[in-house]
Amino acid sequence: MNEEQQKEGLTAIEEMIHELAKGNFSYRLPSTLEGEFSELSFLLNLLAEELSGFFVPSHLLDDQAFPYSFLFVLDTNYCIRGVNEAFSGLLGQSREAIVGRTIAEFLDPYSFQQLEQAFTQFTKEEGVVPLIRLLLTFRTPISRIESWGYCHVLSGLKGQYYFIRGTQLFVTDLSTEHRPQASIPLKSGTSVLQLRLDIEKIRKVYQYILAHLHEPLPSLSTLARRFLVNEYKLKKGFKALYHTTIFKLHLEKRLTQALVMIQNSPTSLKVIAHSLGFKSYPHFSKVFKDKYGHPPSYYR
Amino acid sequence: LFKNQNIYYLLTSITSFMDFFKHEYAELSLHDGILYFKYCSIPDFHLGIAQKIVADRIRLQREQAFPVLCDLREAVQPSLEARKYLAVEGSLLTTAVAYLVRPQHSERLVQFFIQVDQPPVPSGVFTTEAAALAFLTPFKR
């Protein structure tokens, strides 16, 4: 690697660190870096990806999730087909000035890449369409707006549309470039440190579930005691972080594993049910049919 | 397409009686109580590929759990969704996984996977096949 390539790699990585420090988790390093920088940049991109999943706005553990949500609808050419008032307010332009333009005009290039990747995923997936979480950075002439939200796909006779709903996290004034300020203040009395500790504990519960898919889960109160977290916060926080309940996640993951085993191994259905911690085959068969629409034997 | 599907089913049913399987993403073989899993180069490693890889491995194993030697000397970069799937569903019917990497190459990426995605079976990263096999030996049946 020559000196120039080394300098280029260091500059790119320094820029990435700055963006992450500013909370821009949608930033990605290019895959064109050479030598050791190639692996390091991939590692930093993985970190940014993981961080965007970790990032939870403080208000999410309160009652009002997405209090000021914006909405916009895109067609498959990334052209904006509809917006709500919150979105036009966010960009500081009228609805008429936004509709008909492409979303790339308003997004940070890295965010646009992320959006393109998300849409590719919609086309690759078959069957149940996943809900995709997005961290997007909008740019206006005077500000940079970090936001996060969800993308749904809507298919109709007239084609396919993407429906994105989200909320803003930070607004950075580009004219002064001071530190970003949280647009949604913490609820009074909520300590940021406590919030982080709770989230860390809830994530440990999530990992615990994944590591114990072959046995019944203890009760919510037992889990709360084991992980030293308030039972109410565990229940509420888990839902806010993972968009499902503890027991539903445990069930869903076991059913996914059951389907893989049914389709690809000769193991009897009863043994599969038993090995995944289901107390009885009829119960397993019922919940399986509820999820996949057919009994387990259909997938043999 | 129909013809291709028939050929695919024919091939998969033939290979279900064998201890070797190869497709565009990996080479799999069973030998002396260890599953050897060698990744090929995968340019766009998305969730669908991860699902196919896991399905083919389970089909080859015929309901037996094995320690796995996962050869990553050909670097792969799975997407976030693929990594999460490989960590959980990818651990089905495995008793332990030894990741074989080239020195100074992919080692950090595999450590990242083990630390962050936390596959639920014992896992280790090795640069020689002998060390990887030594790690897996206690997990053999």
Side-chain angles (χ1 to χ4, degrees), chain A residues 31 35-36 38-54 114 117-118 120-127 130 132-133 203-204 206-214 242 249-250 252-268 271-272 275-276 299, chain B residues 12-13 15-17 21 43-65 72 75-94 101-102 104-113 115-122:
Chain A
S31 55
E36 281 192 7
S38 162
E39 199 187 8
L40 195 57
S41 65
F42 184 66
L43 205 59
L44 278 167
N45 285 345
L46 292 184
L47 172 68
E49 230 173 24
E50 294 285 344
L51 284 174
S52 62
F54 282 3
Q114 200 188 22
Q117 278 174 12
T120 319
Q121 202 178 330
F122 278 132
T123 54
K124 278 175 192 160
E125 296 292 331
E126 287 174 12
I132 290 183
R133 281 195 294 178
R203 289 192 192 287
K204 281 185 180 158
Y206 180 81
Q207 281 302 335
Y208 175 87
I209 296 168
L210 296 186
H212 293 83
L213 291 176
H214 300 90
Y242 300 108
L249 174 83
H250 187 244
E252 292 275 322
K253 284 281 172 193
R254 287 185 299 158
L255 290 175
T256 308
Q257 294 206 339
L259 181 64
V260 175
M261 289 294 289
I262 291 166
Q263 285 178 323
N264 302 294
S265 83
T267 311
S268 83
V271 171
I272 290 174
S275 70
L276 287 166
Y299 294 93
Chain B
T12 49
S13 46
T15 49
S16 68
F17 296 103
F21 190 93
D44 176 22
F45 196 156
H46 55 78
L47 177 63
I49 293 178
Q51 288 169 331
K52 179 168 169 40
I53 284 172
V54 171
D56 288 339
R57 178 179 62 73
I58 287 172
R59 202 172 299 134
L60 181 80
Q61 288 182 230
R62 297 192 289 272
E63 73 184 318
Q64 283 187 65
L72 281 166
V76 291
Q77 300 183 343
S79 70
L80 181 71
E81 291 75 20
R83 287 201 308 278
K84 302 289 175 202
Y85 186 85
L86 290 172
V88 181
E89 279 75 22
S91 299
L92 269 170
L93 291 188
T94 66
V101 296
R102 275 190 277 157
Q104 305 292 319
H105 194 81
S106 302
E107 198 169 348
R108 292 191 197 107
L109 303 182
V110 180
Q111 289 290 7
F112 184 98
F113 174 72
Q115 296 294 324
V116 177
D117 297 310
Q118 300 182 14
V121 293

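The chains referred to below are lettered A, B, ... by the order of the sequence lines, with proteins before strands, and numbering in each begins at 1.
Residue contact with chain A, scored on non-hydrogen atoms closer than 4.5 Å, is absent for V121(B). Contacts of Q111(B) with chain A are absent, with no heavy-atom separation under 4.5 Å from either backbone or side chain. Proximity to chain A is absent for every atom of Q61(B), based on heavy atoms less than 4.5 angstrom apart. Of the two parts of R57(B), neither the backbone nor the side chain holds a non-hydrogen atom closer than 4.5 Å to a non-hydrogen atom of chain A. Both the backbone and the side chain of E39(A) come within contact range of chain B, with heavy atoms under 4.5 Å apart.
The side-chain heavy atoms of Q263(A) and R59(B), taken from C-beta on, include no pair separated by under 4.5 Å. Within the 4.5 Å cutoff, the side chain of V88(B) has no heavy atoms near those of the T256(A) side chain.
Across every non-hydrogen atom of L109(B) and F42(A), the tightest pair is CD2-CD2, 3.4 Å. The nearest pair of heavy atoms linking A211(A) to P120(B) is CA-CB, 4.0 Å. The shortest non-hydrogen separation linking V116(B) to Q207(A) is O-NE2, 4.1 Å. Nearest approach of Y85(B) to V260(A), heavy atoms of both residues: OH-CG2, 3.4 Å.
When each of N264(A), T267(A), I272(A) is tested with E63(B) by the rule side-chain contact (heavy atoms from CB on, under 4.5 Å), just one qualifies, namely T267(A).
Rounding to the nearest 0.5 Å places CG of L46(A) at 11.5 Å from CZ of F113(B). Rounding to the nearest 0.5 angstrom, the gap separating the CG atom in L92(B) from the CE atom in M261(A) is 6.0 Å. Rounding to the nearest 0.5 Å gives a distance of 11.5 Å between OG of S265(A) and CZ of R62(B). Separation of atoms CD (E81(B)) and CD (E49(A)) is listed at 7.0 Å; rounding is to 0.5 Å.
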